[in-house]
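We number each residue from 1, following the sequence as shown. For the numbers below, each heavy atom of this structure counts, side chains included, while hydrogens, waters and symmetry mates do not.
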Amino acid sequence: MPPADHPARSFILSLPVADVSRSREFFGRVGFAFDPRFADGDSALMTVAEHTSVMLHRRERFAEFSKRPLADPTTHALAIPCLVLASRGDVDTLVDAALAAGGTVADEPEDLGFMYSRAFFDPDGHGWQVMWAAEEDA
């Protein structure tokens, strides 16, 4: 069954970070832009795709939105954001930029022929998957 079409929807993932400025610098070096309308010392909205963003909140600010205790992303998996890109080369470019900006390798590359992925940890320890998959023949 094909996915439902929801053109008016957008998606925002909120993540706790220790230092919003450090995270902005890191992800800016990786190639992401930030929406200045949603930025202050406690939060910054990072544009990932046309209808997808990540809100980076200082840990104390993030805690205001959750009824549950915060976990440490360096010791607990909280979520695995996965970016799907247009080519293998795009995967390598983004992950290489993340590593050059101070990220660390999360996993070795996985190449299944029809799918290629790499992963990195950002400075706060959040794991990010980056992948390409061949389009299905129609």
**Student:** Who else is in F62's hydrophobic cluster (ILVMFWY, side-chain heavy atoms under 4.5 Å, direct or via others)?
**Tutor:** L70

**Student:** Which pair of heavy atoms, one from G127 and one from P81, lies closest together, and at what distance?
**Tutor:** O-CD, 3.1 Å

**Student:** Rounded to the nearest 0.5 Å, what separates atom OG1 in T47 from atom CZ in F38?
**Tutor:** 10.0 Å

**Student:** Between A100 and R29, which heavy-atom pair has the shortest distance, and what is it?
**Tutor:** O-NH2, 3.1 Å

**Student:** Who else is in the cluster with L112 when I, L, V, M, F, W and Y are joined by side-chain contacts under 4.5 Å?
**Tutor:** V84, F114, M115, M131

**Student:** Tell me every residue that passes side-chain hydrogen bond (donor to acceptor under 3.5 Å, both in side chains) with S117, counting only those two or more places apart in sequence or in another chain.
**Tutor:** Q129

**Student:** If we count only N and O atoms by modelled type, under 3.5 Å, do the side chains of D90 and W132 hold a donor and an acceptor together?
**Tutor:** no

**Student:** For the residue pair F11 and S53, establish whether any side-chain heavy-atom pair is separated by less than 4.5 Å.
**Tutor:** no

**Student:** What do the steps show when you test R37 against L45 for side chain to side chain contact (heavy atoms under 4.5 Å, CB included), and what is the final call?
**Tutor:** CA-CA 8 Å; R37 298 173 302 160; L45 185 67; over 6 Å; no

**Student:** Got S43 and M55 here, is their nearest side-chain heavy-atom distance under 4.5 Å?
**Tutor:** yes

**Student:** The criterion is side chain to side chain contact (heavy atoms under 4.5 Å, CB included); which residues satisfy it with F121, sequence neighbours excluded?
**Tutor:** T104, A106

**Student:** For L78, I'd like to know if atom CG has over 12 heavy atoms of other residues, nucleotides or ligands within 6.0 Å.
**Tutor:** yes

**Student:** Closest approach of V105 and D107, non-hydrogen atoms and distance?
**Tutor:** CG1-O, 3.3 Å

**Student:** Sequence neighbours excluded, which residues qualify as side-chain hydrogen bond (donor to acceptor under 3.5 Å, both in side chains) partners of T75?
**Tutor:** none

**Student:** Does a sphere of radius 6.0 Å around CD in E64 hold more than 12 heavy atoms from other residues, nucleotides or ligands, not counting ones at 6.0 Å or beyond?
**Tutor:** yes

**Student:** Consider only side-chain heavy atoms of I, L, V, M, F, W and Y, link residues closer than 4.5 Å, and tell whether L13 and L83 are in one cluster.
**Tutor:** yes

**Student:** Minimum heavy-atom separation for F120 to V95, with atom names?
**Tutor:** CD2-CG2, 4.3 Å

**Student:** What residues, two or more places apart in sequence or in another chain, satisfy side chain to side chain contact (heavy atoms under 4.5 Å, CB included) together with R22?
**Tutor:** A18, D19, P123, D124

**Student:** Any non-hydrogen side-chain atom of L94 less than 4.5 Å from a side-chain atom of F32?
**Tutor:** yes

**Student:** Around E60, counting heavy atoms of other residues, nucleotides and ligands shown, do more than 12 lie under 6.0 Å from its CD?
**Tutor:** yes

**Student:** Is there a side-chain contact between P73 and R59 (heavy atoms, below 4.5 Å)?
**Tutor:** yes

**Student:** Looking at every heavy atom in both H126 and P16, which two are closest together, and how far apart are they?
**Tutor:** NE2-O, 2.7 Å

**Student:** From the options L56, V54, D122, select the one residue that forms a side-chain contact (heavy atoms from CB on, under 4.5 Å) with V17.
**Tutor:** L56

**Student:** Can you find a pair of side-chain heavy atoms, one from R118 and one from L99, that are under 4.5 Å apart?
**Tutor:** yes

**Student:** If every non-hydrogen atom of G28 is compared with every non-hydrogen atom of F34, which pair is closest and at what distance?
**Tutor:** N-CE1, 4.1 Å

